[in-house]
Protein chains: 2
Amino acid sequence: MVTPGGARPKLSRELIVTKARAIADASGLDALTLRELAHALGTGQASLYRHIADRRELLGLLVDDVALEFPTADPGLAPRERLLKVWLDLHAFLSAHEWVAKVIAEGEYISRNAAPFAQRQLDSLTGAGLGTEDAMRAYRTLYNLLLGFLLNKHPMGHHLEAVPPSTEDEEFRWAVSRFLDCLLPGEPPQGQ
Amino acid sequence: MVTPGGARPKLSRELIVTKARAIADASGLDALTLRELAHALGTGQASLYRHIADRRELLGLLVDDVALEFPTADPGLAPRERLLKVWLDLHAFLSAHEWVAKVIAEGEYISRNAAPFAQRQLDSLTGAGLGTEDAMRAYRTLYNLLLGFLLNKHPMGHHLEAVPPSTEDEEFRWAVSRFLDCLLPGEPPQGQ
DNA sequence: ACCTGAACACCGTTCAAGT
DNA sequence: ACCTGAACACCGTTCAAGT
């Protein structure tokens, strides 16, 4: 419950992260300045530094917060469909928060909260018949493929495109499908 | 020939781009400020604006300049090997200029000079048996895959890696190889 | 002891004054 | 007419002064 006119809730890391996410989602990464953030929280810029080390750390906290909402796979699906769905879900989710990919690209963050997601995908991949090393490589490939699609809004040479306009979403689905087709042993695609 | 003590060569777009690339290559994108650039050119900041519209345009010019050096394929190779080699070459080239991927990721640039490269890759892909639409999708996939590998230095969940340390180079080779294997019709990999 | 307004050292960009 | 030092409006970060 927000106290309307009286005392503000005490400033905290959580409060900062929540407000910062709201600003980034609404207005983009560039609009997320420490001045704007402090103002939106009704405090001074210097006060933020009692809870975060610097902007870099704040961005890391934001990514970590978003990572909590990464999709989980439907265990009822077959391996290939389960993998496909989860990566399409993640693509859709991160497309709705485009600042996340930018933060990952510009910094060197290690998101603790993304580890369970990674582990689940590795399990899916080994469960589909891959060795541990191939599973790791496949995971990194899928992740880097996703990052590339999220960041590259104007693929170079785009002005060559005479082809029917397919959405980024369709293109990502095509790419992941093709990759899974060749990656997973046995189990041919059999039209769908 | 640089005139040592006397008159400087007249400022030009070319001179600005050359010096800017040198700074970015040597010290990274953050070090490429208009102040530093002007200083390195022995002129004032305001003078730069007589040749470029703003920093954004400068970065676009830089990418365009780099694109002139994108690799060309060896026509003597078979389609699959030709494609593999050219994308590994491009990966190696852009790894040596890491600021390029960052510029592409943060801006929305359309590099005119990258168009011939794109066209050659499309030709290789159709030459390998793909339809025009699939060739376009394959090109975008390869390009986005490359961008993801260049930008993502710490793939999320990296602290899971118990697997033998493979270099980014090897991982990219693995990813492209696998993708080409499933993409190109006929012509099985047949061990190598 | 805890908080924070005001300052500091940057940045990209503009403008008015110099030649 | 062309060039550019100095200023402007920002930014992240720090510090000294307030409670």
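The basis for the numbers below is simple: all heavy atoms, side chains too, and nothing from hydrogens, waters or symmetry mates. Convention: sequence-line order gives letters A, B, ...; per-chain numbering from 1. No experiment lies behind these values; they were computed from the predicted model shown.
- Side chain B:Gln45 to base C:dT13: a donor-acceptor pair is found below 3.5 Å.
- Here the closest heavy-atom approach between residue B:Arg82 and residue B:Ala73 is recorded as CG-CB, 3.3 Å.
- Put simply, CZ on A:Arg55 is 15 Å from C1' on C:dC10, counting in whole angstrom units.
- Taking every side-chain heavy atom of A:Ala46 into account, C:dT4 is the closest of C:dC11, C:dT4, C:dC8.
- For A:Thr43 and C:dC3, the shortest distance from a side-chain N or O to OP1 or OP2 is not below 4.0 Å.
- Remark: the separation of the P atoms in D:dA1 and C:dT14 is 22 Å, to the nearest Å.
- What separates NZ of A:Lys10 from P of C:dC3 is a distance of 7 Å, to the nearest Å.
- Regarding A:Ile16, its CD1 atom lies at a distance of 14 Å from the P atom of D:dG12, rounded to whole Å.
- Across B:Ala138 and B:Leu130, no two heavy atoms sit closer than the pair CB-CD2, 4.0 Å.
- Within the cation-pi definition used here (under 6.0 Å to the ring centroid, within 45° of the axis), B:Arg56 qualifies as a partner of B:Tyr109.
- Per the geometry, CG belonging to B:Leu48 stands 11 Å off P belonging to C:dT13, to the nearest Å.
- The distance from atom CZ of A:Arg50 to atom C1' of D:dG18 is 14 Å, rounded to the nearest whole Å.
- Of the options B:Phe149, B:Phe172, B:Phe117, B:Phe179, a ring-ring contact (aromatic ring centres under 6.0 Å, His included) to B:Trp87 is made by B:Phe117 and by none of the others.
- Comparing C:dG12, D:dT13, D:dT4 by their closest approach to the side chain of B:Ser47 singles out D:dT4.
- Following rounding to the nearest Å, B:Asp54 (CG) and C:dT14 (P) show an atom-to-atom distance of 8 Å.
- We find that NE2 of B:His51 is positioned 10 Å from C1' of D:dC3, with the value rounded to whole Å.
- Closest to the A:Tyr49 side chain, of the nucleotides D:dT14, C:dT4, C:dG12, is D:dT14.
- Using Watson-Crick or G-U wobble geometry with both donor-acceptor distances under 3.5 Å, D:dG12 finds its partner in C:dC8.
- Rounded to the nearest Å, the gap between the P atom of C:dC2 and that of D:dT13 is 23 Å.
- As a whole-Å value, the separation of B:Leu32 CG from C:dG12 P is 8 Å.
- C:dG18 and D:dC2 make up a base pair, with Watson-Crick or G-U wobble contacts both under 3.5 Å.
- Mapped onto DNA chain D by nearest heavy atom, A:Ala53 and A:Glu36 fall at different nucleotides, with A:Glu36 at the one closer to the 5' end.
- Side chains of B:Glu168 and B:His91: a donor-acceptor N/O pair is present below 3.5 angstrom, by distance only.
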